[in-house]
Amino acid sequence: MERLGLSLVLALLLSSAASREISSKLCSSKFKDEKYHLNSSGLHLTLYHPRSPCSPAPLPDLTFSTILTHDDSRVASLEARISKKASSRPTSLELQPELASSPLTPGSSVGVGNYVTRIGLGTPATSYVMVVDTGSSLTWLQCSPCVVSCHAQAGPVFNPKTSNSYRQVTCTASECSALESATLNPSACSTSNVCIYQASYGDSSFSVGYLSRDTLTFAGSSVPNFIYGCGQDNEGLFGRSAGLIGLARNKLSFLYQLAPSLGNSFAYCLPSTSSSGYLSIGSYNPGQYSYTPMVSSSLDDSLYFLQFSSISVNGRPIGVASSAYNTPTIIDSGTVISRLPSDVYDALSTAVSAAMKGTPKASAYSILDTCFKGSSSKLRAPAVSLTFQGGATLKLPTDNVFIDVDSSTTCLAFAPSSRVAIVGNTQQQSFSVLYDVGKSRIGFAAGGCR
């Protein structure tokens, strides 16, 4: 699509265009019965793997090498954020040269690793499929009349005119002033005094539209005055989702807005492609988890940091000094492949290869260089454990250690990184992962889902 100046985008936001609706086709009727609900123990949503055939908003048919390329883009954008060197390369919203303004600052790449769920919005409520992202703050979804562009989504595009509780946020509202910390981009203002948000991501995906408020609804219970973006120009790799739920540490995020009524914590279990998991906000069983401190960092106070303590293979620590783990470490729901400091990764690769002695090796695949012939389900993988400050440990099953890149090759699901370590979603799959922001701790529990 031809690149548009922001001035044109803002002008088009003030005009009208035809809305569009794209029908949804679920893979199995049993998933149609999955419900979100809100009760005394909090909010509970069903999560779907982005590449599951049963996802209500599946990604397009992508090769695994393409998935890894997008994953690398997400990691690069996270590295740029925490090093305060966010790329200023032009996005499709860069202003025309004759208009004096700065280009948008990309946030984390949306990538292709984020899981999806459903939320109810508006009065009367309609259900929408949304990407869930712990690396983003602002929640937004596509809105008719889609003044500039809407990508194809599962189900109808949200029409603000059909919601009795919909309101636009004015430019003088405090929420409008808070946009820059949530999106890394300043707000704009329409000629009718409506606040305009600009959410852009490291892979050139973006959403631009009106900052709005409306009612979230979950099985008869509701949360009024929820702040979100009503997108009129939405382009990028969002699959067939309607938009994005931001769970980062920011006062405009989904968590922070629901915290006063539900509690300042959330937990999820990221499922495999053959099952479903959950996202819960609110109370939890504290005895279920082992904990590690949620590390505060001046590098980016919206992301979730923790501290590695050690990694072991078959019960033996890999051969690196403890100082090798002193790299900023993020836990992220949208990164597919975990990243480790180069020295730590090299030691892990060596230890796993030694434990796999006798298993035929395969050539490197994209960013993955420790590969073997066969599928993970047929290999006897070594026991790999990730231990964090305070003793919380992820004892990884085989499917969390290796990832099949094709029908005859599986690779160690870790890669080296020079500036940031990331605990990605392949390692988190099937564990219940708790983010207790109120008590500044992260918890892990095995067997959360399949």
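The residues of the chain are indexed from 1 along the displayed sequence.
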Are any side-chain N or O atoms of T426 and backbone N or O atoms of V336, one a donor and one an acceptor, separated by less than 3.5 Å? yes
Does I367 offer a backbone N or O that forms a donor-acceptor pair with the side chain of D72 under 3.5 Å? no
For the backbone of S52 and the side chain of S55, can you confirm whether one donor and one acceptor N or O come within less than 3.5 Å of each other? no
Please check: side-chain N/O of Q153 versus main-chain N/O of P156, any donor-acceptor pairing under 3.5 Å? yes
Got N114 and S333 here, is their nearest side-chain heavy-atom distance under 4.5 Å? yes
For D332, is there an ion pair with R339 - N to carboxylate O distance below 4.0 angstrom? no
Can any side-chain N or O of D399 pair as donor or acceptor with the backbone N or O of S376 at less than 3.5 Å? no
Check: T292 side chain, I442 main-chain N or O, donor-acceptor pair, under 3.5 Å: no
Check the angle between the aromatic planes of Y325 and F308 and answer parallel, tilted or perpendicular using the 30° and 60° thresholds. tilted
For the backbone of R74 and the side chain of S77, can you confirm whether one donor and one acceptor N or O come within less than 3.5 Å of each other? yes
Q307 side chain vs T329 backbone, donor-acceptor pair below 3.5 Å: no
Just by modelled atom types, is the V147 backbone N or O under 3.5 Å from a matching donor or acceptor in the Q232 side chain? yes
Using modelled atom types only, decide if a donor and an acceptor are shared between the side chain of D300 and the backbone of R81 within a distance under 3.5 Å. no
